[in-house]
2 protein chains.
Amino acid sequence: MSNIRDVADAAGVSPATVSRVLNGKATSLVSEATRERVLDAAQSLGYHPSAAARALVAGRTDTIALATTNIHDPHYARALDVAQAIAEEFGYHLLLMPDADDTRLQSLLRERRADVIVRLRYPVDTADEVAAAVVSEEQVVIAVGPIDRQMPLSTPCACWDDREGIRAAVEHLAGLGHRRVAFLAGRPAQRKERYALEAAGADMTIVPVCIEPGSLDDVGRGAALARLALQREPGVTALLAQNDTFALGALHALREDGIAVPGQVSVVGYNDTFLAPYSCPPLTTVRTPLAECVSRSLRQVMEALSTQHGAVQPQSLQLHTELVVRASTACPPTT
Amino acid sequence: MSNIRDVADAAGVSPATVSRVLNGKATSLVSEATRERVLDAAQSLGYHPSAAARALVAGRTDTIALATTNIHDPHYARALDVAQAIAEEFGYHLLLMPDADDTRLQSLLRERRADVIVRLRYPVDTADEVAAAVVSEEQVVIAVGPIDRQMPLSTPCACWDDREGIRAAVEHLAGLGHRRVAFLAGRPAQRKERYALEAAGADMTIVPVCIEPGSLDDVGRGAALARLALQREPGVTALLAQNDTFALGALHALREDGIAVPGQVSVVGYNDTFLAPYSCPPLTTVRTPLAECVSRSLRQVMEALSTQHGAVQPQSLQLHTELVVRASTACPPTT
DNA sequence: TATGCTCATGAAAACGTTTACCGGAAAGCG
DNA sequence: CGCTTTCCGGTAAACGTTTTCATGAGCATA
């Protein structure tokens, strides 16, 4: 394993010069002749600087951490793709940290394992507690997620309002004539469930349905929830799913049970994942701007980090959600 | 930001003692009284040891790197889940390295950014070139992917034989009476395509169909490939897809064009992702043991790394593929 | 009391970089 | 020729750990 010292010896210069050549910010500091000699030596020795040593002295790890639950959900996988692309663009590495509670994120920061943490889909207003662990001016926590109420954050933040999306879905269903709708929730006391209830007008009832976490995968849970809803709540003519994956399961269950979608029951998803247009029938769903949020906020921070020398001032960004109407919703049957 | 020295001062001991307490392998080396004092001091100072400094001196980063293309494919997302779970179990971090060519993997190793690299889905027999960069006895490259021919590797390896799966699919279709089948390939000269051709018996023709990489997502490409196949290759009664995502697109296209599956055309997927049972109709597909391969080989290496002090001897593992028959295949129409 | 052993702890040397500081040579200018 | 300026590159001090070696205390044994 070769050192910077080995390279220096091979090129007949000092380690400092090698470092200067390899980091080469100001090209003027070293002559063209030595630069070439150093590069040759490094090349022929197969030299790569130790990330640890560099991080230790420079205080940067060139690493972005992505903190999220549910990497298996296509919606988050998309965000991961986006983050990866940006990391690559700026020469950073991507560290994955799923199911990360605040304590683990804080130690991640303190151990200096990452310069930037993108915290996905937790309610953004709890991000400040994590950000409190920020150690240097060059460490940032970015909060990306649904927002409850506008409030000033000390960290960069990109968010959207789930109420907006839910309201659009509910109004769409109400406009079609649905009067009784079931909300297929991941677990009890979901925020979205509250939104759905609050969005329901006087002429519409929303009944939440949920199921204890078990051995089922997400699609399976969606199927189970759909069956439960139709069996337990007579008169329900539409299902509003917690996410597209649940909706996919619901579609499958209804198809198996011989219930026509959207003829007898309408189904609305959430997130507009890449599966939604290809389901059977194509899924009406609410597009949430998760990927866009990650993309914009992360890029902004990375740019600030790479040019300006010092702290990143927290910028907030709020994007809109939007209902995408496809073929899984229609008027309720006229009985 | 607090040091190990700060903690030492606060506890009235030397840094060495703090290190001993915090790494605490042999509990007998430090007295109970000082141990508690140190832990208290560390706690109240919010101390976390610097990952960089630790990595520099100890030569380990406690990091597993996952090298793969296509994180957005549900099949790889599953592998990622598995790897993450194991990393967590052993107290390691997970670094993501998509689209990594050999050069980048080698510098990853040389920079010592990871102790273990899991290299997904490249032909396993090219892994040795990457492993050649292995620097210390405690660095490992694990090769996980389809295998062409059995050959001794210098690195741990978990693989399966795509020919096995392809053959099962082809025989299934042949048994149903299909005589002309299209293979929907990702790009020209795919290995699987070769396998498909070689698996076809005398009484069956396989025509490859492919399409230049473009702006389409994978599902969209599957749809386009299906349409292309049926238009360009008359007499085709079954489609064999490169992967489940393509198959999903194919199902969608056929449904849109009013072609009955499996009545008029049969469709076979590949990989058996979580979507396969829920497609419309449920997808007949070949189950490949990617996740299982990752799980087993990675766990074995991690255990070797954590107990035995020294090199990991390369163990090879080959698992079977298996055809999962669902509802997207049937006899060809009798014209 | 001298000897030897165990046990807890401290001192100091790595690990491989980056960077602030300094010195010397070359060059421009009077 | 002497002075200042510029440019190039070397020296050495960090960065925060882990780990080897040494030291000294306590204690048992002879």
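Every chain is numbered from 1, with letters handed out A, B, ... down the list of sequences.
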Distance alone, cut at 3.5 Å: any donor-acceptor contact between the side chains of A/Ser136 and A/Arg112? yes
Considering only heavy side-chain atoms of A/Leu56, the closest of C/dA14, D/dC15, C/dT9 is D/dC15
It should be established whether B/Ser50 places a side-chain nitrogen or oxygen under 4.0 Å from OP1 or OP2 of nucleotide D/dC15. no
Rounded to the nearest 0.5 Å, the CD1 atom of B/Ile142 sits from the CD atom of B/Gln315 at a distance of 11.0 Å
Please tell me if A/Ser31 has a side-chain N or O lying less than 4.0 Å from either OP1 or OP2 of D/dG9. yes
Less than 4.5 Å apart, any side-chain heavy atom of A/Leu290 and any of A/Asn271? no
Between atom CZ in B/Arg5 and atom P in D/dC15, what is the gap in whole Å? 11 Å
Please confirm whether the shortest side-chain N or O distance from B/Ser19 to OP1 or OP2 of D/dT18 is below 4.0 Å. yes
Please state how far atom CG in B/Asp62 lies from atom P in D/dT17, giving the value in whole angstrom units. 15 Å
Which whole-number value in Å describes the distance from A/Ile4 CD1 to D/dT11 P? 14 Å
Mapping A/Ala52 and B/Thr34 onto DNA chain C by nearest heavy atom, which one lands closer to the 5' end? B/Thr34
A/Val135 versus A/Arg110: any side-chain heavy-atom pair under 4.5 Å? yes
Calculate the interatomic distance between A/Arg113 atom CZ and D/dG16 atom C1'; express it in whole Å. 14 Å
Taking only nitrogen or oxygen atoms into account, show me every contact under 3.5 Å that the protein makes with nucleotides 10-13 of chain C, one pair per line with its distance.
unit_1	atom_1	unit_2	atom_2	d
C/dG10	OP2	B/Ser14	N	2.7
C/dG10	OP2	B/Ser14	OG	2.9
C/dG10	OP2	B/Thr17	OG1	2.7
C/dG10	N7	B/Arg20	NH2	2.9
C/dG10	O6	B/Arg20	NH1	3.4

Gap between atoms CZ and C1', on A/Arg112 and D/dG16 respectively (whole Å): 14 Å
Have a look at the helix from C/dT1-D/dA30 to C/dG30-D/dC1 and give the angle its two end axes make, five pairs each, rounded to 10 degrees. 50°
Flag the pair A/Glu32 / A/Arg35 as yes when at least one side-chain heavy-atom distance between them is below 4.5 Å, and no otherwise. yes
With a 4.5 Å cut-off on side-chain heavy atoms, are B/Leu319 and B/Arg296 touching? yes
Could you state the CD-P distance from A/Glu32 to D/dC7, rounded to the nearest angstrom? 16 Å
To the nearest Å, give me how far apart CG (B/Leu22) and P (C/dT9) are. 15 Å
Taking only residues at least two apart or on different chains, which pairs with a member in residues 38-52 of chain A satisfy side chain to side chain donor-acceptor pair (under 3.5 Å)? none
Check whether any side-chain heavy atom of A/Tyr76 sits under 4.5 Å from a side-chain heavy atom of A/Leu80, and report yes or no. no
Interatomic distance where CZ belongs to A/Arg54 and C1' belongs to C/dT19 [whole Å]: 13 Å
Cationic N near anionic O, under 4.0 Å, B/Arg54 to A/Glu111: no
